[in-house]
2 protein chains.
Amino acid sequence: MNEWPFSALLLILSSLTFTLTYLMKAVNKHTKIITAATKVFAQKGFFNARISDIAKEAKVADGTIYLYFNNKFDILLSVFEEEIGNIIVQVKKLLAEETDPRKMLEIFATKHLSVMKKNKNLAEVIQIELRQTNKLIKDYRNNKFSEYVNIISDIIKLGQEQNIYRPDILPGIAKRAFFGSLDEISRVWNISLETNYTVEETASQIIKIFLSGMLVQPKPAY
Amino acid sequence: MNEWPFSALLLILSSLTFTLTYLMKAVNKHTKIITAATKVFAQKGFFNARISDIAKEAKVADGTIYLYFNNKFDILLSVFEEEIGNIIVQVKKLLAEETDPRKMLEIFATKHLSVMKKNKNLAEVIQIELRQTNKLIKDYRNNKFSEYVNIISDIIKLGQEQNIYRPDILPGIAKRAFFGSLDEISRVWNISLETNYTVEETASQIIKIFLSGMLVQPKPAY
DNA sequence: ATTAAATGAATGAATGGCCATTCAGTGCCC
DNA sequence: GGGCACTGAATGGCCATTCATTCATTTAAT
């Protein structure tokens, strides 16, 4: 009776400690492996990356990786889902504070370019490895990638409802064009050694083109 | 004296036959292997493609491939150089007959999309494998790919000289945006099973966006 | 004209290296 | 002392590349 609360406390503490330790360790290892894998995949490409490279980078044993992932391919998928998920959350948060569809597109472009410029490893994984993968998965999996790109078409539809964007623009095509532009630009940033335009300059050019077009004013009929 | 012309004829015929046979065989094998490799790479990806797959597809022995190519990677490069070279020639020929920079962009878009739609194997090799590869080669090799994309910026510069395109558009960025749009669209065509917009519809949308922008008329200041 | 080397293209089975995955073992914590 | 995360050496399969051999064609010799 006297000791019961104490031992209960101990029990709770102990279980709590255990749980925390377990989770922390698990999360840390998991995260460490994901981070390491992102880096290694980006540097060597998926097929040239060795499990032992990832293990070394993450400072775990080769075998440990198989305690957290089923196989090499599974690592790639996890890298992607996790990383693009983060970006989606960030972008949506930024967009929630803006109502002008013109500004919203600019926010998307700026965010995309700055993330890709800052995190070249991630950028390379998304641009190259993801595509490899998509090809295998095709439409079988309704992936995060679609969710990401659909943010663009949602903005365009919103702008059309507000009579800001032309109704004859097909959002399904325009979203591809817009994303493709950003993707190609960040792809080139990643492979070229030269210093480049800033994120802001580039986003501004892209917005200029997509909102107003390349023709001089006043517009000739075309 | 009597027989000389005849034997000379024979000699010519024989040497001709020899040359033709030799060349035909060589060209055929080389071409057959390239064609087979394009198909196999597109279906399985570079790293999953087996030399034996290519050999089987080309109906030659595994070893034969090494009489024409140094190694697997060399095959990939050859596939690319050869195929994109063809496209460049075709596009340049089409463009030579047009002087309006607006029409020229449309021609480029239409040609690119139709080639990529028609030849899905090639499209996949270019879109995915080439990028894999570019990453390894980086700027070490001044490749055909640059030549291809620079066609776009040349058109834009031409248009700027003629005061048709806005001078504040940076051709180096715009070319990436334009190519990226086309590339992303044809990439999606390739992985999705649904029937899509036609080449003409799509090219028209792209041109609409890049020439006049997505904003409604009259343009609000932005 | 016929036969006998010689050339070299083509073959495909064998080699050898690489590496994803496994699993028997270690040590830690309860 | 047993359960657990973790380890890393060993395994086994795969596949690019090689090379001894076959086959077809040309050249040379008689």
Side-chain angles (χ1 to χ4, degrees), chain A residues 7-33 36-37 40-41 43-79 129, chain B residues 3 6-7 10-33 36-37 40-41 43-79 129 133 136:
Chain A
S7 78
L9 187 62
L10 265 190
L11 186 67
I12 289 168
L13 268 182
S14 127
S15 112
L16 193 62
T17 307
F18 170 76
T19 309
L20 276 180
T21 307
Y22 175 78
L23 276 181
M24 273 180 58
K25 273 195 178 171
V27 165
N28 281 345
K29 284 262 155 81
H30 185 89
T31 306
K32 271 169 73 179
I33 294 171
V40 174
F41 284 157
Q43 281 172 348
K44 304 195 155 193
F46 179 73
F47 288 100
N48 285 323
R50 304 294 135 235
I51 290 293
S52 54
D53 296 333
I54 298 174
K56 187 185 260 183
E57 180 73 36
K59 289 178 185 154
V60 298
D62 294 16
T64 305
I65 288 178
Y66 289 88
L67 299 174
Y68 294 89
F69 301 93
N70 296 327
N71 53 48
K72 196 181 169 187
F73 191 69
D74 188 33
I75 304 174
L76 182 67
L77 285 187
S78 303
V79 165
E129 302 310 335
Chain B
E3 272 187 55
F6 185 64
S7 77
L10 266 188
L11 186 67
I12 289 167
L13 268 182
S14 131
S15 111
L16 194 62
T17 306
F18 168 75
T19 310
L20 277 180
T21 306
Y22 175 77
L23 275 181
M24 273 181 57
K25 273 196 178 170
V27 166
N28 280 345
K29 284 264 155 79
H30 185 89
T31 306
K32 271 169 72 178
I33 293 171
V40 174
F41 285 156
Q43 282 171 348
K44 304 195 155 193
F46 179 72
F47 288 100
N48 285 323
R50 305 291 134 237
I51 290 293
S52 54
D53 296 334
I54 299 173
K56 187 185 262 185
E57 180 73 35
K59 289 177 185 155
V60 298
D62 294 16
T64 305
I65 288 177
Y66 289 88
L67 299 174
Y68 294 88
F69 301 93
N70 296 327
N71 52 48
K72 196 182 167 187
F73 191 69
D74 188 33
I75 304 175
L76 182 66
L77 285 187
S78 302
V79 165
E129 302 309 334
T133 307
L136 302 177

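In what follows, chains are A, B, ... by sequence order, proteins preceding strands, each numbered from 1.
Between A:Lys44 atom NZ and C:dC19 atom C1' the separation is 12 Å, expressed in whole Å. Rounding to whole angstrom units, CD1 of residue B:Ile75 and P of D:dT17 are separated by 8 Å. Atom CD1 of A:Ile65 is separated from atom C1' of D:dG8 by 12 Å (rounded to the nearest Å). In this structure, CG of A:Leu76 is placed 13 Å from P of C:dA20, rounded to the nearest angstrom. Rounded to an integer number of Å, the gap from CG of B:Asp62 to C1' of D:dT18 is 11 Å. Remark: C1' of C:dA20 and CZ of A:Phe69 are 16 Å apart, rounded to the nearest angstrom. As a whole-Å value, the separation of B:His30 NE2 from C:dA10 P is 13 Å. Remark: C1' of C:dC19 and CZ of A:Phe47 are 14 Å apart, rounded to the nearest angstrom.
Judged by distance alone, the side chain of B:Lys29 and the main-chain N or O of B:Ala58 form no donor-acceptor pair under 3.5 Å. Judged by distance alone, the side chain of A:Lys59 and the main-chain N or O of A:Lys32 form no donor-acceptor pair under 3.5 Å.
Nearest approach of A:Ile75 to A:Ile65, heavy atoms of both residues: CD1-CG2, 3.7 Å.
Among residues two or more places apart in sequence or in another chain, the side chain to side chain contact (heavy atoms under 4.5 Å, CB included) test is passed with B:Asn71 by B:Phe73, B:Asp74.
In terms of phosphate contacts, A:Lys29 brings no side-chain nitrogen or oxygen within less than 4.0 Å of OP1 or OP2 of D:dA5. Look at B:Tyr66 and you won't find any side-chain N or O under 4.0 angstrom from OP1 or OP2 of D:dC19.
How far CD1 of B:Ile54 is from NZ of B:Lys44: 10.0 Å, rounded to the nearest 0.5 Å.
Here the side chain of B:Leu67 is nearest to one of C:dG12, D:dT7, C:dA9, namely C:dA9.
Each of A:Val40, A:Leu76, A:Val79 was scored for a side-chain contact (heavy atoms from CB on, under 4.5 Å) with A:Phe46, with one residue passing: A:Leu76.
Near DNA chain C, meaning a heavy atom under 4.0 Å away, the residues from residues 49-57 of chain A are A:Ala49, A:Arg50, A:Ile51.
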